[in-house]
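Values reported hereafter were calculated over all heavy atoms of this structure, with side chains retained and with hydrogens, waters and symmetry mates removed.
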Amino acid sequence: MPSTKLPSKASISRQSSTLHYQTFPVAPPRWRGSPMSRDSSPNNADQDRKAGESPLPVRQLVVLAIIALAEQTAFNSISPYLPEMTSTFPGVDKSQIGLYVGLIASSFALAQFGTNLFWGWLSDRVGRKPVVMLGTLLTAACFLAFGFCRTLWQAILVQVLMGIVNGNQGIVSTCLGEITDRSNQSKAFTYLPIIYGLGGITGPALGGLLVLEENPFQKGEKNAYPYLLPNMVAALLLLIDLVITGFFLEESLEEAKELPPLKKRVRNLFSYLWQFAGGARHPTYTRRGSRNSRRSNEDIPDGDDENQALLANTDSELSRKDVLKRDTILLLGTYFIFQLSNIAFNTLYPIFGAAPEPTGRNLNPEEIGLSLSFAGIVMIIFQIALFAKIKGKMGNKATYRAGMLLFFFSMMMMPWLGHRTSAPLFDIGNGSIWLWIELGFVLLIKTIAAVGGLTSAMLLITNSAPNHSVLGTLNGLAQTLSAAGRAAGPFLSGGLFSLATRVRPKGEALAWGVFGGIAFVGWILSFGIRGENLESEDWQGEDESGEEDEDEEAGAGR
């Protein structure tokens with residue numbers, strides 16, 4: 001037969017910018033070359049897989065890491081001083097600081113929830129790079145504006161704008177999926193929690209240490225904008241990130257090779273935004289997609305069954321039963337509870353720490369920032385040194401359940417921390433020392449729960465997909481539920497803590513106890529996740545290993 005030029009898989013599979021964690025329209029083989037026989041030893045299997053690994057695109061991974069680190073540093077810099085900043089706004093009832101802090105934080109997440117899919121969709125039209133650059137530039141401007149906020153409505157408005165203009169987190173994940181393949185993708189995504197951990201160190205330290213209560217130019221006078229400096233530094237980091245992105249980030253969208261130059265695409269981007277906002281009847285951004293769809297169909301030879309199947313697998317609509325299976329529903333439901341618990345803890349802790357005794361623990365922004373940096377250090381150490389070994393022995397399902405349970409324990413312990421003025425245990429040291437020991441222990445448990453549970457959740461969601469076309473839909477649903485949890489958590493937890501300040505004694509136990517109970521419900525529901533194909537290849541379990549190997553081999557054959 002005469003050879004025919006076939007379209008690349010990339011041009012077939014990447015029809016949308018749903019948050020891809022996999023980039024294959026059909027299941028690829030687990031290794032290249034001849035399949036491993038049953039007589040092959042595990043060591044030989046490992047060597048076969050390593051021999052088939054594609055090299056990591058290190059330069060592009062570094063650029064994407066810089067983008068993620070700059071944004072995580074900037075976003076995490078707000079939490080240490082936000083309760084104190086909110087208390088300075090005129091007309092704010094200091095007994096309800098938690099409610100106002102939650103309102104500000106929720107406004108950002110709610111705006112991001114409504115625009116995440118739009119930014120991903122737009123990046124399909126003009127490319128990933130211009131959208132990342134635009135989001136970085138506008139986010140830097142929002143940080144600068146946040147430093148000048150003097151009233152509550154100004155802070156809410158800026159946070160809404162910040163959530164609207166930034167969809168980079170999803171696009172960075174999409175870029176990672178596009179520059180890697182199945183053989184090296186897991187390694188690339190392993191670095192994301194480490195980057196977030198670094199941002200959890202640098203961000204709180206930046207926000208907690210750079211607040212200037214006193215005017216730096218006139219000693220003895222109060223600074224009119226005490227929170228401007230950390231926001232200026234955050235904006236500067238984002239501008240440096242913008243320059244690095246402009247010079248070194250390569251466009252990962254395959255179809256971008258056919259698009260106009262970057263300058264024209266940036267101009268088109270503003271045109272698309274204007275048409276979208278104005279509700280144009282015949283917008284220009286809908287024309288390119290139909291052309292590509294027609295071209296993809298025309299380019300595939302009629303007799304080529306494999307590529308026809310690839311295109312059909314990509315373009316066909318999924319039925320509800322393909323996605324919403326029992327295990328999948330429980331996974332997504334418990335994942336929402338997991339994210340709600342995580343963001344509730346992250347919101348409650350700075351409010352609880354900054355609140356005066358007896359409800360709070362009277363910590364200043366510097367102390368809150370340093371304690372969050374300690375949690376970031378623990379996150380990195382745990383991810384690099386311990387998580388892979390623990391997950392290999394326990395498996396994805398068990399580590400996910402453990403994360404939910406540890407969330408419950410950390411929230412239930414937090415309201416019982418001692419005060420600075422409490423009598424020291426065993427008459428050793430003083431109340432302040434024991435407060436930091438107890439606080440460090442609780443933050444240690446919470447960090448392990450967050451890192452281990454989140455990584456296991458994403459692995460479970462990925463492995464629950466019956467094929468790769470469903471995987472994109474599942475990850476999109478997971479990201480939507482994550483944004484919903486981040487939108488609801490701060491408002492609900494902040495409002496509960498404001499109510500808790502009126503309860504005596506131990507009013508702080510109200511907010512922590514409610515969300516601890518929610519995490520406990522998630523832990524109970526997680527026992528309903530029983531799929532046999534949800535574990536990773538590195539699981540050392542004995543009971544289901546034989547069945548899982550057979551299922552995986554059958555899946556590879558399909």
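With hydrogens and angles ignored, the 3.5 Å screen pairs no side-chain donor or acceptor of Thr136 with any backbone N or O of Leu238. Here the side chain of Ser106 pairs a donor or acceptor atom with the backbone of Ala487 at under 3.5 angstrom. Side chain of Ser456 to backbone of Gly453: no donor-acceptor contact under 3.5 angstrom is found. With hydrogens and angles ignored, the 3.5 Å screen pairs no side-chain donor or acceptor of Trp523 with any backbone N or O of Leu406. The backbone N or O of Phe345 sits nowhere less than 3.5 Å from a side-chain atom of Lys446 that would complete a donor-acceptor pair. At distances below 3.5 Å, at least one donor-acceptor pair connects side-chain atoms of Asn76 with backbone N or O atoms of Gln72. Between the side chain of Gln112 and the backbone N or O of Ile164, no donor-acceptor pair lies under 3.5 Å.
Ser79 is listed as a side-chain neighbour of Leu372, based on a closest heavy-atom distance under 4.5 Å. Considering only heavy atoms from C-beta on, Leu134 comes within 4.5 Å of Trp119 through its side chain. Side-chain contact check for Phe382 versus Ile377: every heavy-atom pair is 4.5 Å or farther apart. Between Cys142 and Val165 there is a side-chain heavy-atom pair separated by less than 4.5 Å. Between Glu438 and Trp416, the closest side-chain pair of non-hydrogen atoms is not below 4.5 Å. The side-chain heavy atoms of Phe387 and Val451, taken from C-beta on, include no pair separated by under 4.5 Å. Taking the side chain as every heavy atom from C-beta outward, Arg326 and Leu330 approach each other to under 4.5 Å. A 4.5 Å side-chain heavy-atom check between Leu510 and Phe497 finds every atom pair outside the cut-off.
With rounding to the nearest 0.5 angstrom, the CG atom of Leu443 is 11.5 Å from the CD1 atom of Ile448. Note: Met404 CE to Phe527 CZ = 11.0 Å, rounded to the nearest 0.5 Å. Ser77 OG to Phe146 CZ: the interatomic distance, rounded to the nearest 0.5 Å, is 9.0 Å. In this structure, the separation between OG1 on Thr334 and CD1 on Ile329 is 11.5 Å, given to the nearest 0.5 Å. The distance from atom OG1 of Thr447 to atom CD1 of Ile381, rounded to the nearest 0.5 Å, is 11.0 Å. Note: Ile351 CD1 to Tyr100 OH = 13.0 Å, rounded to the nearest 0.5 Å.
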Chi angles and distances behind the side-chain contact (heavy atoms from CB on, under 4.5 Å) call for Tyr400, Ile529 | CA-CA 10 Å; Tyr400 182 53; Ile529 304 170; 4.0 Å; yes
Should Met379 and Ile201 be marked as a side-chain contact (heavy atoms from CB on, under 4.5 Å) after you check the CA-CA gap, both sets of side-chain angles, and the distance that decides it?
-> CA-CA 10 Å; Met379 179 185 296; Ile201 298 172; over 6 Å; no
Given the rule in the side-chain contact (heavy atoms from CB on, under 4.5 Å) test, do Ile66 and Thr245 qualify, once you have shown the distances and angles that lead to the verdict?
-> CA-CA 9 Å; Ile66 291 173; Thr245 302; over 6 Å; no
Could you go step by step and tell me if Arg361 and Glu508 meet the salt bridge (Lys or Arg N to Asp or Glu O under 4.0 Å) rule?
-> CA-CA 10 Å; Arg361 295 303 181 265; Glu508 62 270 32; 3.4 Å; yes
For the pair Arg59 and Val62, evaluate side-chain contact (heavy atoms from CB on, under 4.5 Å) and give the outcome as yes or no after the intermediate values.
-> CA-CA 5 Å; Arg59 178 174 174 178; Val62 169; 5.9 Å; no
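Listed by first and then second residue, the side-chain hydrogen bond (donor to acceptor under 3.5 Å, both in side chains) pairs involving residues 367-377 are Tyr349-Ser371, Glu367-Arg420 (not counting sequence neighbours).
Between Ile343 and Gly485, the shortest heavy-atom contact is CG2-O, 3.2 Å. Residues Ser107 and Val160 approach most closely at CB-CG2, 3.7 Å, considering heavy atoms. Here the closest non-hydrogen pair linking Pro83 and Val101 is CA-CG2, 3.7 Å. Looking at every heavy atom in both residues, Glu251 comes nearest to Lys129 through OE1-N, 3.1 Å. Here the closest heavy-atom approach between residue Gly403 and residue Ala449 is recorded as O-CB, 3.3 Å. What you find for Gly353 and Ile368 is that their closest heavy atoms are C-CD1, 4.2 Å.
The ring of Phe520 has its center no closer than 6.0 angstrom to the ring center of Phe407. Trp512 has its ring centre less than 6.0 Å from the ring centre of Phe352.
Screening Asn166, Val63, Asn168, Asp241 for a side-chain contact (heavy atoms from CB on, under 4.5 Å) with Val132, the sole residue that qualifies is Asn168.
Arg401 meets the salt bridge (Lys or Arg N to Asp or Glu O under 4.0 Å) test with no other residue; sequence neighbours excluded.
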